[in-house]
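Nothing here was measured: the structure is a model prediction, and the numbers come from that model.
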Amino acid sequence: MAPNNDHDTQVTVENMNPCVKKMEYAVRGPLVIRASALELELKQGVKKPFSNVIKANIGDAHAMGNKPITFIRQVMAIITHPPLLETDAFPEDAKSRARDILAGCRGGSVGSYSDSPGIEIIRRHVASYIKERDGGIESDWKQIMLCAGASEGIRGIMKLMTNPGGENTKRPGVMIPIPQYPLYSASLAEYNMEQVGYYLDEARNWALDPKELERSIKEAKKKCDVRAIVIINPGNPTGQVLTRENIEAVIKFAHKENLFVFADEVYQHNVYAEGSKFHSFKKVMMEMGAPYSEMEVASFMSCSKGYMGECGIRGGYAEVVNMDVGVMAMLQKSISAKLCPTVLGQACMDLVVNPPTPGEPSYESWLAQKDGTLASLARRAKLVADTLNSIEGFTCNTVQGAMYAFPKIDIPPKAIAAAQEAGQAPDVFYAFNLLESTGICVIPGSGFGQLPNTYHFRTTILPQEAMIQDMLGRIKEFHLKFLKTYS
């Protein structure tokens with residue numbers, strides 16, 4: 001409804017919160033809006049040089065045809081309609097998980113509010129999962145916060161570090177990898193915090209260089225108070241898996257600089273490359289012993305990634321270790337203002353950390369679906385990197401993990417000039433041309449950050465295997481024409 005012109009509008013673009021205006025979220029930006037418009041045009045019968053739009057812009061597994069895990073959906077069906085417990089339609093282990101979840105809900109219904117940090121039995125299951133994952137290192141369920149996707153947990157803890165201060169007070173800063181997932185740059189902009197970028201080393205498969213951390217923080221200290229460091233492992237958008245040595249170096253650096261550590265580990269199930277292995281920050285930190293084991297760290301997990309891909313259900317957790325008791329109380333107060341995370345999201349997270357076990361009726365089928373999904377993703381990861389590397393002007397590192405490739409592309413000087421004339425960054429110009437010519441929506445590297453005068457894009461590896469081959473064929477054909485046009 002349009003505003004009434006008889007009186008002035010109270011909130012205008014000019015007087016609204018400038019931090020909200022400043023924030024950008026590349027994976028849902030103008031390219032995606034245009035991709036949706038193209039889908040609509042195709043439905044209306046408008047002729048295009050392609051028959052369908054492939055949205056490779058976001059890690060949305062089910063939207064790309066990846067199938068839900070049967071066991072997860074069986075339990076979710078039962079908890080939303082408990083009379084199903086009385087039928088023979090579901091295996092006993094699915095019913096057992098459903099009974100436990102419903103017993104933790106007030107009134108035995110997922111329609112009731114839970115405690116603000118989440119349902120106790122699910123928090124206990126998360127702690128047990130972490131303990132088993134980390135080889136027996138203890139996890140305290142009281143330090144687990146369930147959240148509506150990992151993003152909510154990350155933003156909730158980051159918000160604790162905002163500090164308006166006085167006129168002469170330095171703004172708080174957070175170190176984030178470049179390239180990075182735009183959640184971080186967007187949240188820092190919204191909270192009026194300083195983004196302190198540190199470059200990952202593309203020549204070493206996006207490894208993390210301690211010397212670059214030193215350079216970055218030295219520069220940043222001139223203008224802000226650096227309070228935390230973000231590590232994304234496995235990497236988004238870069239697909240690397242950090243070695244244990246790399247993680248130890250980061251921990252030593254963070255300890256020396258007294259930084260709070262944000263360990264974004266939502267892709268911990270997504271490790272594909274031979275020789276690569278996921279190491280949790282908490283495990284490495286604890287095994288290093290004092291003083292490192294006393295550091296403040298928050299690690300994050302989600303049901304949106306992995307083999308599950310349940311993005312829309314919005315489930316996740318944060319484990320917050322060694323936080324000051326008073327600050328932890330303030331964090332709990334802050335999250336209580338949102339009442340509670342979605343209970344269905346909490347339940348989905350429970351099924352990730354408490355899956356069927358050997359001997360239970362659903363175990364074999366669950367394991368086959370899980371392993372099948374991850375094996376298919378591993379094949380797609382290799383196919384994408386190998387194919388892109390076969391195209392003139394493309395360089396793509398091995399996709400060791402996560403769900404994305406981040407290839408570097410050579411853009412000819414004439415194309416760069418054309419982009420400037422169009423008022424676009426060269427990689428944005430390339431991505432829009434790719435979309436209009438092929439129907440493929442990728443996100444330009446400038447949305448994630450990249451070294452000056454280098455150009456990249458992020459594509460997911462999520463399209464099904466037949467579709468991904470079609471997508472790569474379209475990219476190759478487009479790129480060769482693009483080079484010819486602007487050579």
- Message: Quick check on the 6.0 Å ring-centre criterion: do Y430 and H479 meet it?
- Response: yes
- Query: Does any donor atom in the side chain of S280 or Q268 lie under 3.5 Å from an acceptor atom in the other side chain?
  - Reply: no
- Check for a donor-acceptor pair, side chain of T454 on one end and backbone N or O of L451 on the other, with a separation under 3.5 Å. yes
- Message: Can you confirm whether P177 sits close enough to V230 that some side-chain heavy atom of one is under 4.5 Å from a side-chain heavy atom of the other?
- Response: yes
- Output yes when R34 and E41 qualify as a salt bridge under the 4.0 Å nitrogen-oxygen rule, no when they do not. yes
- Are K43 and E39 ion-paired here, with the side-chain N under 4.0 Å from a carboxylate O? no
- Task: Give a yes or no answer on whether the side chain of K170 reaches the backbone of K221 with a donor-acceptor pair at less than 3.5 Å.
- Result: yes
- Task: Return the orientation label for the Y317 and Y129 ring planes: parallel under 30°, perpendicular over 60°, tilted otherwise.
- Result: perpendicular
List the atom pairs, with distances to 0.1 Å, where a side-chain N or O of residues 410-420 and a protein N or O form a donor-acceptor pair under 3.5 Å, not counting sequence neighbours.
unit_1	atom_1	unit_2	atom_2	d
K414	NZ	S487	O	3.3

- Looking at CD1 of I69 and OG1 of T373, how far apart are the two atoms once the value is rounded to the nearest 0.5 Å? 4.5 Å
- Closest non-hydrogen atom pair between I232 and Y181, with its separation: CD1-N, 3.8 Å
- Message: When you compare the side chain of L146 with that of V126, does any pair of heavy atoms fall below 4.5 Å?
- Response: yes
- Are the side chains of L259 and I217 in touch, meaning some heavy atoms are under 4.5 Å apart? yes
- Query: Between L377 and R379, is any pair of side-chain heavy atoms under 4.5 Å apart?
  - Reply: no
- Message: Within the structure provided, determine whether V321 and M295 are in side-chain contact (heavy-atom separation under 4.5 Å).
- Response: no
- Query: Would you say the side chain of D264 lies within less than 4.5 Å of the side chain of I154, judging by non-hydrogen atoms?
  - Reply: yes
- Message: For the backbone of L200 and the side chain of E212, can you confirm whether one donor and one acceptor N or O come within less than 3.5 Å of each other?
- Response: no
- Smallest separation among heavy atoms of R155 and S187, with atom names: NH1-OG, 3.0 Å
- Query: So, the side chain of N389 versus the backbone of A385: is there a donor-acceptor pair under 3.5 Å, distance only?
  - Reply: yes
- Item | Minimum heavy-atom distance A273-T398, with the two atoms named | CB-CG2, 4.3 Å
For residues 305-312, run the donor-acceptor check on the side chains, cut-off 3.5 Å, and write out each pair with its distance to 0.1 Å, sequence neighbours left out.
unit_1	atom_1	unit_2	atom_2	d
K305	NZ	G59	O	2.8
E310	OE1	R73	NH2	3.1
E310	OE2	R73	NE	2.9

- Message: Measuring only between side-chain heavy atoms, which start at C-beta, is I144 closer than 4.5 Å to I130?
- Response: yes
- Query: CG/D470 to CG/N52 distance, rounded to the nearest 0.5 angstrom?
  - Reply: 6.5 Å
- Task: Please work out whether the ring planes of F457 and F394 are parallel, tilted or perpendicular, with thresholds of 30° and 60°.
- Result: perpendicular
- Task: Answer whether the closest heavy-atom distance between the side chains of V174 and I229 falls below 4.5 Å.
- Result: no
- Item | E465 and S376: CA distance, side-chain angles, deciding distance, side-chain hydrogen bond (donor to acceptor under 3.5 Å, both in side chains) verdict | CA-CA 8 Å; E465 293 182 53; S376 175; 2.8 Å; yes
- Query: Rounded to the nearest 0.5 Å, what separation is found between the OG atom of S299 and the CD1 atom of I231?
  - Reply: 13.0 Å
- Candidate pair E274 and K382, rule salt bridge (Lys or Arg N to Asp or Glu O under 4.0 Å), full reasoning: CA-CA 11 Å; E274 196 174 326; K382 186 175 188 308; over 6 Å; no
- Item | Stepwise side-chain contact (heavy atoms from CB on, under 4.5 Å) test for M471 and T459 | CA-CA 10 Å; M471 180 182 91; T459 176; 3.4 Å; yes
- Task: Kindly compute the distance separating CD (Q400) from OG1 (T243), expressed to the nearest 0.5 Å.
- Result: 9.5 Å
- Please name the residue in the list L351, T70, T80 that meets the side chain to side chain contact (heavy atoms under 4.5 Å, CB included) test with V75. L351
- Message: Please tell me whether F448 and F406 form a close aromatic pair, meaning their ring centres lie under 6.0 Å apart.
- Response: yes
- Item | Any donor-acceptor N/O pair, N233 side chain to L242 backbone, under 3.5 Å | yes
- Message: Can you give me the closest heavy-atom contact between S216 and G197, atom names plus distance?
- Response: OG-O, 2.8 Å
- State plainly whether the residues E477 and R474 are in salt-bridge range, i.e. N to O under 4.0 Å. no
- Note on the structure: Heavy-atom closest pair (C396 atom, P407 atom, distance to 0.1 Å) is CB-CB, 4.0 Å
- Task: Examine distances only and state if a side-chain atom of T162 and a backbone atom of M158 form a donor-acceptor pair shorter than 3.5 Å.
- Result: no
- Message: Taking atom NZ as the centre, does K67 end up with more than 12 heavy-atom neighbours from other residues, nucleotides or ligands that are less than 6.0 angstrom away?
- Response: no
- Can you find a side-chain donor-acceptor pair between Y199 and D201 that sits under 3.5 Å? no
- Task: Calculate, to the nearest 0.5 Å, the distance between atoms CE and CD belonging to M285 and E296 respectively.
- Result: 9.5 Å
- Can you find a side-chain donor-acceptor pair between D427 and Q450 that sits under 3.5 Å? yes
- Task: Determine, step by step, whether Q74 and F71 satisfy the side-chain contact (heavy atoms from CB on, under 4.5 Å) criterion, reporting the C-alpha distance in whole Å, the side-chain angles of both residues, the deciding distance to 0.1 Å, and the verdict.
- Result: CA-CA 5 Å; Q74 285 176 329; F71 181 77; 4.3 Å; yes
- Short side-chain to backbone donor-acceptor contact, N270 and G401, under 3.5 Å: no
- Item | Salt bridge present between E152 and R314 (N-O < 4.0 angstrom) | no
- Message: Between R458 and N236, is the side-chain hydrogen bond (donor to acceptor under 3.5 Å, both in side chains) condition met? List the steps.
- Response: CA-CA 9 Å; R458 187 189 81 165; N236 175 9; 2.8 Å; yes
- Donor-acceptor under 3.5 Å (E265 side chain, F281 main chain): yes
- Task: Begin from the C-alpha positions of M349 and M301 and carry the test side-chain contact (heavy atoms from CB on, under 4.5 Å) through to its verdict.
- Result: CA-CA 9 Å; M349 198 69 244; M301 179 53 175; 3.9 Å; yes
- Hey, do the aromatic rings of F262 and F260 have their centres closer than 6.0 Å? yes
- Query: Atom CG in L435, atom CZ in F50: separation rounded to 0.5 Å?
  - Reply: 6.5 Å
- Message: Show, in sequence, the C-alpha distance, side-chain angles and deciding distance for D60 and L462, and conclude whether the side-chain contact (heavy atoms from CB on, under 4.5 Å) test is met.
- Response: CA-CA 8 Å; D60 191 351; L462 291 174; 5.5 Å; no
- Item | Check: Y404 ring centre within less than 6.0 Å of Y267 ring centre | yes
- Where A405 and V384 come nearest, the two heavy atoms and their spacing: CB-CG1, 3.7 Å
- Item | Check ion pair E248-R244 (N to O, under 4.0 angstrom) | yes
